[in-house]
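What you see is a predicted model; the values in this text were computed from it and never measured. Chain A is the first sequence line, chain B the second, and so forth, proteins listed ahead of strands; every chain is numbered from 1.
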There are 2 protein chains.
Amino acid sequence: MLEFAEVQAAARRIAGHAHRTPILTSQTLNERLGCEVFLKAENFQRMGAFKFRGGYNAIAALSPEVRARGVVAFSSGNHAQAVALAARLHGIAATIVMPNDAPVLKIDATRGYGASVVLFDRYTEDRVAIGTRIASEKGATLIPPFDYLPVMAGQGTCGLEIAEELPNLDALIVCTGGGGFLSGCTVAMKALQPNVKCYGAEPQAGNDVQQSLEKGEIVSIAVPKTICDGQQTQAVGVHPFAVIRSQVAGVLTASDAAVLDAMRFAFERMKIVLEPSGACALAALTVNREAFVGKRVAVTLSGGNIDLARFVALTQHTSQH
Amino acid sequence: MLEFAEVQAAARRIAGHAHRTPILTSQTLNERLGCEVFLKAENFQRMGAFKFRGGYNAIAALSPEVRARGVVAFSSGNHAQAVALAARLHGIAATIVMPNDAPVLKIDATRGYGASVVLFDRYTEDRVAIGTRIASEKGATLIPPFDYLPVMAGQGTCGLEIAEELPNLDALIVCTGGGGFLSGCTVAMKALQPNVKCYGAEPQAGNDVQQSLEKGEIVSIAVPKTICDGQQTQAVGVHPFAVIRSQVAGVLTASDAAVLDAMRFAFERMKIVLEPSGACALAALTVNREAFVGKRVAVTLSGGNIDLARFVALTQHTSQH
């Protein structure tokens with residue numbers, strides 16, 4: 001089980017390397033939702049998402065000899081860029097295994113951080129096997145995206161900052177895919193403010209964590225169809241679930257339409273850019289606002305990595321409905 | 001001539017009412033431009049632009065008896081909303097004179113702040129005459145958008161915050177339309193850091209301040225064709241020009257295409273939303289970067305009030321070229 005001391009150690013490791021992101025508020029939002037909302041803007045984190053915290057901590061926690069042999073990750077998303085950038089900052093090599101149909105911009109960004117990118121065909125090849133083989137050939141360390149205590153501890157530093165800066169919260173809502181972010185933030189929040197209710201937020205079409213929490217065991221689902229590409233995981237991780245099952249109050253969901261509304265609100269009223277998964281927790285609060293009337297609620301805005309063309313395509317698409 | 005003491009007094013008046021906006025940095029931007037850039041994010045100011053500072057200060061500076069009779073402004077843009085919101089916060093009435101072809105969103109936003117909106121036909125009617133008549137009928141005070149010392153002093157508090165937080169600057173670049181923002185910020189900067197070179201930034205198509213500075217007298221131009229709708233003024237104000245002529249080092253310009261590039265960079269790399277005029281100073285620095293290599297440069301991001309549909313239309317339009 002992830003311990004709070006590991007989150008505290010992660011906070012010391014990332015200090016001066018990760019940004020301490022701002023907490024934003026909006027009078028308009030408070031009036032609309034009937035509660036006091038605090039938005040933790042991880043879209044302003046380095047490389048544009050909270051994932052940098054976990055990637056950096058995982059690499060920093062390695063012994064110098066192990067670290068020197070480099071790291072490997074498989075990811076088509078923010079974890080890839082997080083590991084790539086964290087490796088560069090440590091002066092070590094990173095190999096990222098990405099599907100050959102990943103957006104060119106993401107492949108380029110990962111290469112831009114100095115990583116070697118190995119492409120694979122996701123219909124015929126197994127990325128885990130490829131990543132494991134590369135790691136064993138190079139003696140490099142595989143950094144999993146969520147089911148790994150150092151990554152969970154790193155993500156938890158976001159919850160630690162929230163808990164330190166905002167006294168007397170009633171609730172915390174954290175978007176969840178594999179559960180690393182939700183479990184890490186929950187451990188930190190419960191350590192400092194034990195009475196705060198911690199909730200996950202998932203896309204409605206991919207509510208496996210909600211199902212798992214209700215059933216009391218990990219439920220696997222087919223790859224969900226949702227615009228929230230950071231949350232298309234099929235099952236929560238074992239280590240995250242140990243925390244979630246024992247300390248998380250519930251999982252809220254939001255439709256893709258609600259996520260788009262939250263992205264538009266963030267754009268027009270708050271002047272910030274959120275990727276779909278980055279708006280999921282805000283959307284989930286909006287949809288479930290009756291449960292939070294009069295409360296002090298912290299919400300994670302987990303990332304802002306979306307190129308303008310996709311942002312336009314998504315928001316234009318729905319406005320035709 | 002605007003005195004620094006007036007900017008200091010404005011800072012005391014707006015404290016706790018206006019946001020002290022963050023100063024953002026980007027490693028990517030610094031690498032691209034070859035200088036150290038500090039971006040003052042006034043898009044996060046209340047109502048989405050620096051104009052709130054001037055509007056609030058102008059109303060706060062009135063005597064209680066005068067203030068109680070309300071205020072009037074004519075503006076189709078951010079000044080209207082600034083005066084409307086500042087009036088509401090003071091519990092007084094505001095009448096805003098707006099063209100009847102102004103974007104519905106802006107009219108609605110102004111009404112949303114509790115102001116009475118009086119529409120006029122800008123091809124057949126004179127907004128100054130209408131505003132003056134309403135002010136005299138109601139005994140209300142007209143709050144001009146830039147050629148007015150209390151507004152200039154309020155806008156100058158942005159420069160004061162920059163000068164206080166960033167020691168040893170080499171340059172400050174402030175977008176300019178009527179000159180209130182540029183002159184206010186320049187007075188504050190020169191008072192605290194006399195060696196900093198202060199520059200204005202204008203759209204290339206509407207460079208009347210540049211022409212005025214070069215000629216040593218105010219030059220009037222036709223309404224410029226530019227996407228920078230906050231800078232379509234035809235002539236700089238008399239009071240701002242007194243400061244600009246004596247203390248501003250030069251005026252830089254940027255094409256609309258360069259402004260759109262800056263908006264895209266802000267969106268994709270910094271995860272923030274800028275309206276065209278809000279990106280003008282960053283665009284002007286980018287275009288003129290050779291002059292700033294190795295320097296520490298502060299740049300104002302003056303506002304973020306652009307609806308998603310217009311943002312999409314602007315950015316899509318150019319990507320077809």
Side-chain angles (χ1 to χ4, degrees), chain A residues 17 19-28 31-32 39 41-49 85 88-89 103 105-106 108-109 112-113 260-261 263-275 278-279 301-320, chain B residues 17 19-28 31-32 39 41-49 85 88-89 103 105-106 108-109 112-113 260-261 263-275 278-279 301-320:
Chain A
H17 303 287
H19 295 319
R20 191 173 180 108
T21 53
I23 291 169
L24 311 177
T25 58
S26 160
Q27 205 56 47
T28 307
E31 285 164 16
R32 283 190 190 187
L39 300 165
E42 286 293 297
N43 56 327
F44 294 145
Q45 187 50 266
R46 290 190 78 165
M47 54 66 56
L85 175 58
R88 187 178 74 174
L89 294 173
L105 272 177
K106 289 207 169 174
D108 285 352
Y113 288 127
L260 283 167
D261 280 344
M263 289 167 70
R264 285 193 201 96
F265 179 86
F267 182 103
E268 294 196 331
R269 302 302 300 234
M270 306 205 62
K271 323 300 179 191
I272 61 172
V273 178
L274 299 178
E275 61 184 279
L301 306 177
S302 61
N305 285 330
I306 181 165
D307 59 75
L308 183 50
R310 181 154 185 263
F311 192 94
V312 168
L314 284 177
T315 52
Q316 290 293 93
H317 179 65
T318 349
S319 65
Q320 288 162 5
Chain B
H17 303 287
H19 295 319
R20 192 173 180 108
T21 52
I23 291 169
L24 310 177
T25 59
S26 160
Q27 206 55 45
T28 308
E31 285 164 15
R32 285 190 188 185
L39 300 165
E42 286 294 298
N43 57 326
F44 295 145
Q45 187 50 266
R46 290 189 79 166
M47 57 61 60
L85 175 58
R88 188 179 71 175
L89 294 173
L105 273 176
K106 289 206 171 174
D108 285 351
Y113 289 126
L260 282 168
D261 281 343
M263 289 168 70
R264 284 193 202 96
F265 179 87
F267 182 104
E268 293 196 331
R269 303 301 301 234
M270 306 205 62
K271 323 300 179 190
I272 61 173
V273 178
L274 299 178
E275 60 184 278
L301 306 178
S302 62
N305 286 330
I306 180 165
D307 60 76
L308 184 50
R310 180 152 187 262
F311 192 93
V312 168
L314 284 176
T315 52
Q316 291 292 93
H317 179 66
T318 349
S319 64
Q320 289 163 4

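- Pairing each heavy atom of Val273(B) with each of Ile272(A), the nearest pair is CG2-N, 3.9 Å.
- Neither the backbone nor the side chain of Met47(A) comes within less than 4.5 Å of any heavy atom of chain B.
- The distance from the CG atom of Asp307(A) to the CZ atom of Arg269(B) is 11.5 Å, given to the nearest 0.5 Å.
- Below 30°, between 30° and 60°, or above 60°: for Phe267(B) and Phe311(A) the angle between ring planes is above 60°, a perpendicular geometry.
- Closest heavy-atom contact between Gln316(A) and Val312(B): CD-CG1, 3.8 Å.
- Of all the listed residues (Ala309(B), Ser26(B), Gly304(B)), the one sharing the greatest number of non-hydrogen pairs under 4.5 Å with chain A is Gly304(B).
- Between Phe44(A) and Leu24(B) there is no side-chain heavy-atom pair separated by less than 4.5 Å.
- Evaluation of the salt bridge (Lys or Arg N to Asp or Glu O under 4.0 Å) rule for Glu42(B) yields Arg53(B) as partners, not counting sequence neighbours.
- At distances below 3.5 Å, not a single donor-acceptor pair connects side-chain atoms of Lys271(A) with backbone N or O atoms of Asn43(B).
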